[in-house]
Number of protein chains: 2
Amino acid sequence: MNALLLIAHGSRRQQSNDEVRALAERLHEHCGDQYPIVEAGFLEIAEPSIPDGIKCCASQGASSIIVLPYFLNSGTHVVVDIPEIVQAAQQDYPDVEIKIASHLGASELMMDLLIASANTTAEKP
Amino acid sequence: MNALLLIAHGSRRQQSNDEVRALAERLHEHCGDQYPIVEAGFLEIAEPSIPDGIKCCASQGASSIIVLPYFLNSGTHVVVDIPEIVQAAQQDYPDVEIKIASHLGASELMMDLLIASANTTAEKP
């Protein structure tokens with residue numbers, strides 16, 4: 001069973017964390033057939049942590065977990081911190097395949113998203 | 001003449017700022033017909049600032065500038081700081097129409113981007 005774990009930085013502003021949780025719920029609505037398990041997790045400040053998010057996916061029977069870093073740039077968090085945490089957690093779940101997706105800014109779809117956002121704004125009265 | 005001004009937070013890590021500048025260049029390649037002017041700007045730390053970015057667009061003859069906040073969440077920077085800075089700059093350029101686009105996390109395309117990123121990762125050997 002496939003799981004997605006959406007990882008954000010975590011904010012002291014509760015509304016930002018709730019936005020991430022709501023995004024994970026919308027993701028589940030959009031791709032629940034392909035990914036029956038979708039959870040949110042946070043690098044810092046907010047809960048659940050990344051290890052707790054992985055534990056949550058595994059306890060629901062995930063055999064594969066894709067960690068989706070909700071970060072725009074390939075900074076230290078994306079390049080070093082998240083991989084280290086995921087690698088440590090992988091040792092606790094040797095039977096679960098855990099992979100980390102690219103950061104969002106690298107995607108060609110980001111281009112489409114930005115242009116669509118600009119065009120929508122341009123059309124506003 | 002239409003301009004896009006991509007605004008990121010700005011980082012002490014130069015590579016992150018360069019990624020934003022490169023993204024602005026790619027945006028220009030993708031939508032140069034529609035937006036002959038595409039610039040990058042930064043809220044803090046890096047240069048050019050938002051007012052300098054607006055000045056740069058205006059000096060190239062922009063009659064319309066769409067400010068694209070390259071932020072995932074609707075935090076204080078997106079809700080308060082960027083609008084305040086843009087509003088102040090608007091007074092210096094009364095003949096230029098300046099609009100601010102929504103933050104990226106609000107877009108339905110973000111869903112597609114996340115799912116595409118997950119699926120690409122899932123296919124990796």
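By convention in this document, chain letters (A, B, ...) are assigned in the order of the sequence lines, proteins followed by strands, and residues within each chain are numbered from 1.
- With a threshold of 4.5 angstrom between heavy atoms, B:Arg26 approaches chain A through its backbone and through its side chain.
- B:Met111 has its side chain within reach of A:Leu23: a pair of non-hydrogen atoms, C-beta onward, lies under 4.5 Å apart.
- Applying a 4.5 Å heavy-atom cutoff, the residues of residues 32-55 of chain B that approach chain A are B:Gln34, B:Tyr35.
- Contacts between A:Ala116 and chain B at a heavy-atom distance below 4.5 Å involve the side chain alone, from C-beta outward.
- A pairwise comparison of heavy atoms in B:Thr121 and A:Ser102 identifies OG1-N, 4.3 Å as the closest pair.
- Put simply, the side chain of A:His30 reaches to within 4.5 Å of the side chain of B:Glu108, judged on heavy atoms.
- When heavy atoms are compared at a cutoff of 4.5 Å, A:Ser11 does not approach chain B at all.
- Proximity to chain A involves both the backbone and the side chain of B:Thr76, based on heavy atoms less than 4.5 angstrom apart.
- Of the two parts of B:His103, only the side chain, counted from C-beta on, holds a non-hydrogen atom closer than 4.5 Å to a non-hydrogen atom of chain A.
- The 12-atom threshold is not exceeded at CD of A:Gln87, counting heavy atoms of other residues, nucleotides or ligands nearer than 6.0 Å.
- Between B:Asp112 and A:Leu113, the closest side-chain pair of non-hydrogen atoms is not below 4.5 Å.
- B:Leu4 touches chain A through its side chain: at least one heavy atom from C-beta onward sits under 4.5 Å away, while N, CA, C and O do not.
- For chain A, the nearby part of B:Ile66 is the side chain; its heavy atoms alone come within less than 4.5 Å.
- Heavy atoms closer than 4.5 Å to chain A are found in the side chain of B:Leu68, but not in its backbone.
- Annotation: side chain of A:Leu72 is in contact with side chain of B:Leu104 (closest heavy-atom distance under 4.5 Å).
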